[in-house]
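First the structure, in the form of structure tokens, and then the observations on it.
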2 protein chains.
Amino acid sequence: MQPQPLIQIYNCLCDETRLRMVHLLAQSPLCVCHLQDILGLTQVAASKHLAYLRRHRLVEARRHEQWMIYSLPAARPRELDWQLRCLQDCLPTHPVFRDDLRRLKARQADCCWVAEAVGAASTATQGSVKTKPIKKPK
Amino acid sequence: MQPQPLIQIYNCLCDETRLRMVHLLAQSPLCVCHLQDILGLTQVAASKHLAYLRRHRLVEARRHEQWMIYSLPAARPRELDWQLRCLQDCLPTHPVFRDDLRRLKARQADCCWVAEAVGAASTATQGSVKTKPIKKPK
DNA sequence: TGCGCATATCCCTATACCAGCATATTCTCT
DNA sequence: AGAGAATATGCTGGTATAGGGATATGCGCA
């Protein structure tokens, strides 16, 4: 959009929940139910924040069967790349984000994408999806 | 504060006025009246946004006679340095910010700090103030 | 076709913040 | 002490957004 891409990005990331979402999506594409699970959100909260991020072009979504898979866009503006590098450098030391990564890795066994991404250390580029996410964990 | 320094920074910079302020202060310390003038703000708007930035530790203020001089803090957290580098890289192409810099340079003649900073290309470290800012330009 | 799951949207309330107006505060100078 | 300049703070109305409950939509399966 017009009002300075950077400002849009800042508006997205100035909310802790959304920051955590982007941080996780920088590791791996994820479906809504996983984000909801890892971040401990209600379905509504997860969906709304993702809609917000999507509306501002920070994430993309594609449907896979009954699941919506969210991921960082393949082609990113320079502004966003700066932020991703910043997150990479600044967040790992903070407990909240460390724990998020721990929980993400714990899903490896349950979910093909997470396994792919975490295991293969692929940097969240959107590989084609091969199998299904876990059933929504309660 | 606690809630993740990065989030604080994002909250500060997600407002265009504050982003422009930080962008200018990255070039040179400035008094309120100069910021007000360059950005075309009311006195109240300038003061409030500066108070917000100050409350969140993105800027420091010191009094010099009757003027308050705002500047970036000498010791900056890594999070803030990332953003300053990002601004440096992403903003100059955008008209709004280019014009701000133009107006800043135009004040060179009128104001010792601007002259110092812009002229000597000192990077907004807080040198000791030697003379006065211009009388508030109308 | 009908059901269940995953996700999105609508409606409502509470909160944060911006902008402007009026007023208070802090200096400096006389 | 008094005046005036520079800056800060209180109050108010308006807007954006978070969060929750209920409901709607899209898709796969029996």
Side-chain angles (χ1 to χ4, degrees), chain A residues 1 3 7-8 10-21 29-56 58-71 110-111 113 129 131-138, chain B residues 1 3 7-8 10-21 29-56 58-71 110-111 113 129 131-138:
Chain A
M1 288 184 177
I7 292 180
Q8 302 254 6
Y10 285 145
N11 265 299
C12 287
L13 301 183
C14 70
D15 176 271
E16 174 168 312
T17 302
R18 287 193 294 261
L19 183 57
R20 291 169 71 191
M21 283 178 156
L30 289 167
C31 65
V32 180
C33 58
H34 274 92
L35 285 164
Q36 185 180 337
D37 176 38
I38 296 175
L39 300 176
L41 299 175
T42 63
Q43 186 266 316
V44 174
S47 178
K48 281 184 183 171
H49 280 298
L50 286 167
Y52 187 107
L53 287 172
R54 193 180 179 185
R55 201 181 326 138
H56 294 262
L58 260 79
V59 306
E60 288 174 348
R62 63 185 191 284
R63 180 175 286 282
H64 174 67
E65 296 175 6
Q66 50 207 292
W67 295 275
M68 289 296 284
I69 314 301
Y70 282 83
S71 57
D110 303 330
C111 174
W113 303 309
V129 174
T131 48
K132 302 181 182 184
I134 56 174
K135 291 296 171 200
K136 170 169 174 176
K138 186 172 44 319
Chain B
M1 291 183 176
I7 293 179
Q8 302 254 7
Y10 285 146
N11 265 299
C12 287
L13 301 183
C14 70
D15 177 272
E16 175 169 311
T17 300
R18 288 193 294 261
L19 184 57
R20 291 169 71 190
M21 283 178 155
L30 289 168
C31 65
V32 181
C33 59
H34 273 91
L35 284 164
Q36 185 182 335
D37 176 38
I38 296 176
L39 299 176
L41 298 175
T42 64
Q43 186 267 315
V44 174
S47 178
K48 282 185 182 170
H49 280 297
L50 286 167
Y52 187 107
L53 287 171
R54 194 180 180 185
R55 202 182 323 139
H56 294 263
L58 260 80
V59 306
E60 288 174 348
R62 64 185 191 282
R63 179 177 287 281
H64 173 67
E65 296 175 7
Q66 50 207 294
W67 295 274
M68 289 295 285
I69 314 300
Y70 282 83
S71 57
D110 303 330
C111 173
W113 304 309
V129 174
T131 47
K132 304 181 180 183
I134 55 173
K135 292 296 170 198
K136 171 168 174 177
K138 188 170 41 321

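Naming convention: chains lettered A, B, ... in sequence-line order (proteins, then strands); numbering from 1 in each chain. Being a predicted model, the structure only gives us computed values, none of them experimental.
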Rounded to whole Å, please give me the gap between NE2 in A:H64 and P in C:dA6. 13 Å

Counting the atoms with a prime plus P, OP1 and OP2 as sugar-phosphate, which does A:V44 contact under 4.0 Å by heavy atoms, base, sugar-phosphate, or nothing? base

Which residues pass the side-chain contact (heavy atoms from CB on, under 4.5 Å) test with B:R63, sequence neighbours left out? B:M68

It should be established whether B:Y70 places a side-chain nitrogen or oxygen under 4.0 Å from OP1 or OP2 of nucleotide D:dA8. yes

Check side-chain contact (heavy atoms from CB on, under 4.5 Å) between A:A51 and all other residues, then give those that pass, not counting sequence neighbours. none

For B:L50 and D:dT7, what is the distance between atoms CG and P respectively, to the nearest whole Å? 10 Å

Do B:R62 and B:S71 have side chains that get closer than 4.5 Å, going by heavy atoms? yes

Starting at atom CD of B:Q43, determine the distance to atom P of D:dA5, rounded to an integer number of angstrom. 13 Å

Distance in angstrom units between A:R62 CZ and C:dA6 C1', rounded: 16 Å

When the distance from CZ of B:R54 to C1' of D:dA8 is rounded to whole Å, what number comes out? 10 Å

Not counting sequence neighbours, which residues clear ring-ring contact (aromatic ring centres under 6.0 Å, His included) with A:Y10? List them please. B:Y10

With 3.5 Å as the limit, what N/O pairs link the protein to nucleotides 14-18 of chain C?
| unit_1 | atom_1 | unit_2 | atom_2 | d |
| --- | --- | --- | --- | --- |
| C:dC18 | OP1 | B:R18 | NH1 | 2.3 |
| C:dC18 | OP1 | B:R18 | NH2 | 3.1 |

What distance separates A:D15 CG from B:N11 CG, expressed to the nearest 0.5 Å? 8.5 Å

Under 3.5 Å, N/O pairs linking protein and nucleotides 11-14 of chain D:
| unit_1 | atom_1 | unit_2 | atom_2 | d |
| --- | --- | --- | --- | --- |
| D:dC11 | N4 | B:K48 | NZ | 3.3 |

Most 5' of A:T17 and A:R63 on DNA chain D, judged by nearest nucleotide: A:T17

Could you tell me whether the phosphate oxygens of D:dA8, OP1 or OP2, come under 4.0 Å of any side-chain nitrogen or oxygen in B:S47? yes

Dump the intermediate steps for side chain to side chain contact (heavy atoms under 4.5 Å, CB included) on A:M21 and A:L41, then the final yes or no. CA-CA 11 Å; A:M21 283 178 156; A:L41 299 175; 3.9 Å; yes

For A:R18, give me all partners under salt bridge (charged side-chain N to carboxylate O under 4.0 Å, His left out), at least two apart in sequence or on another chain. none

